[in-house]
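First the structure, in the form of structure tokens, and then the observations on it.
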There are 2 protein chains.
Amino acid sequence: MAKPRKAKSAPKPRMSPAHRERLIVEGAIAFFAEVGLEGQTRELAKRLGITQPLLYRYFPSKDDLLERVYEEVYLKRWKPEWEALIADRSLSIGERFRRFEKDYQRTIMTYDWLRIFFSAGLKGTDLPRRYLLRVRDLIFTPVLGEMRREFGLPSPAQLPLCAQEYELMFGIHGALVYVGIRRFIYNMDVPTDQDLVFDTEMDAFLAGVSPVMRRLVAEQQAVQRARRRKS
Amino acid sequence: MAKPRKAKSAPKPRMSPAHRERLIVEGAIAFFAEVGLEGQTRELAKRLGITQPLLYRYFPSKDDLLERVYEEVYLKRWKPEWEALIADRSLSIGERFRRFEKDYQRTIMTYDWLRIFFSAGLKGTDLPRRYLLRVRDLIFTPVLGEMRREFGLPSPAQLPLCAQEYELMFGIHGALVYVGIRRFIYNMDVPTDQDLVFDTEMDAFLAGVSPVMRRLVAEQQAVQRARRRKS
DNA sequence: CCGCTCATTTATCAATCTATAAATTAGAGC
DNA sequence: GCTCTAATTTATAGATTGATAAATGAGCGG
């Protein structure tokens, strides 16, 4: 058994600024995910085993600390390889999208990621909006382009992607994310075998997407023809 | 132009307790939806044009006021006719479910409903969990039973509903709710014609649900047979 | 082992929080 | 118009908030 250095309980090792900063950031992620972004700096400090003013030596304000949390959880966890995967034509676009969503869901389906994301959204931060626009522009847009190609439909250059086509992508995306929402936001039990859920949802989506896109494209072409006739 | 009664700006009419209480509850719904459940009673009072202590004449504490908000937004907006609709065999179960979701989504797809729901979830309130269990038990369970029947599959009494079948329901449900999440939580633009989005999603779901349920039931039966052989 | 740097703590301010008690005054009933 | 009930306000307690300034002391370089 360890012999206590003094009568007082804990020895207090000093840390290098770099190490301390990491501890604070990681502690802040876990803390704000649990109690919400209005969580108090005093309570955070207590969990970290430090005093509250020490936080202000590393971050000028609570908002600065939160900015750092966003950067750590969302920007740093984005994988550029996802964009490369979508472009890889050695696989069918269905398979590429399936692999993307599988890894993406594995990345975001955590207590920290989901809870801070929703807290930030409710607070009015535009981080969730910007993040999803990124998903749309860097993932959904090329996926839809590749699907058009694979289904023998006009390219987006010939016939622009329509809102309904994007909604198809947001639909399957939302269905998958909803599992995490139920688990981490609503505190519900979800099936232990998440891969099975994922595959069932994805199979249903991939089976249905082709005919629906054909229909949407046909409707858009009809609109386009009617417009030409008018002018 | 109205002649001011006195030099001071606003005339202050007294209200009956019933009327005042309604104003407070409705103001509180809008207020907490906007700023979150940690919104301050002083700020709420200011928006209502009353002083903060007056709130405490109508509600013993802030938590009591929040309880009332939950009751007003979630319990009072639940329509028992939904359960009757699902049971109405003069319509196909697909049509019944479509009509249910259409009216349900119209009910919950509001700024107040969605934002307070997520705020409550993040805060740790078990209201969202309890609410969704109600949806599952009163809607999804009978819908799945009727689908089994319509597809000529064993009844839930013969072969219990499995987790994957429930996930199918949560999947389409989540895809639809996700539109509201993007709009009211993430503050994104969503297509103006929500009915079109709804129909596209629902068509795809109803087209795909039958074969998937057949497969799931077959798998369950195989498991059951294997189990019997063992014992 | 001395001295200096800087990681960390103690002490505290000013603003803000929920909640309570007592003072005010609008307005219905006589 | 007087009176009394109760709707509403003023005043304030008591706890907590983010943030700052000054004091402390661990541990490295000499």
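Per chain, numbering begins at 1; letters A, B, ... match sequence-line order. As the structure is a prediction and not an experimental result, all values here were calculated from the model.
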Open item on the list: Base, sugar-phosphate or nothing for S61(B)? Non-hydrogen atoms, less than 4.0 Å.
Closed with: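 Answer is sugar-phosphate: S61(B) comes under 4.0 Å of backbone atoms only.
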
Open item on the list: Under a 4.0 Å threshold between the charged nitrogen and the carboxylate oxygen, would K62(B) count as salt-bridged to E67(B)?
Closed with: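 Answer for the salt bridge query: no.
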
TODO: Would you indicate whether D137(B), at its atom CG, is surrounded by more than 12 heavy atoms from other residues, nucleotides or ligands within a distance under 6.0 Å?
DONE: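 Correct, the count exceeds 12.
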
Tell me the interatomic distance from [X], atom [atom1], to [N], atom [atom2], rounded to whole angstroms.
X: E21(A); N: dT8(C); atom1: CD; atom2: P; result: 12 Å
X: E38(B); N: dT16(C); atom1: CD; atom2: P; result: 17 Å
X: R20(B); N: dG27(C); atom1: CZ; atom2: P; result: 12 Å

Task: Gap separating the OG1 atom of T107(B) from the CZ atom of F100(B), nearest 0.5 angstrom - done: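 CZ of F100(B) is found 8.5 Å from OG1 of T107(B).
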
Open item on the list: Do Y186(B) and D126(A) have side chains that approach each other closer than 4.5 Å (heavy atoms only, starting at C-beta)?
Closed with: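 Y186(B) vs D126(A): side chains apart.
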
Task: Side-chain donor-acceptor contact under 3.5 Å, S61(B) with Y56(B) - done: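 No, no side-chain donor-acceptor pair sits under 3.5 Å.
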
- [ ] Not counting sequence neighbours, which residues clear side chain to side chain contact (heavy atoms under 4.5 Å, CB included) with V212(A)? List them please.
- [x]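 For V212(A) the side chain to side chain contact (heavy atoms under 4.5 Å, CB included) partners, ignoring immediate neighbours, are L168(A), L216(A), T200(B).
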
- [ ] From the options dT8(D), dT12(C), dA19(C), select the nucleotide whose nearest atom is closest to the side chain of M15(B).
- [x]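 Of the options given, the side chain of M15(B) lies nearest dT8(D).
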
Open item on the list: Side-chain N or O of R14(B) versus OP1/OP2 of dA28(C): is the shortest distance under 4.0 Å?
Closed with: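 The answer is no; no side-chain N or O of R14(B) sits under 4.0 Å from OP1 or OP2.
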
Task: Selection: residues 43-58 of chain A, any non-hydrogen atom under 4.0 Å of DNA chain D - done: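 Heavy-atom cutoff 4.0 Å gives Q52(A), P53(A), Y56(A).
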
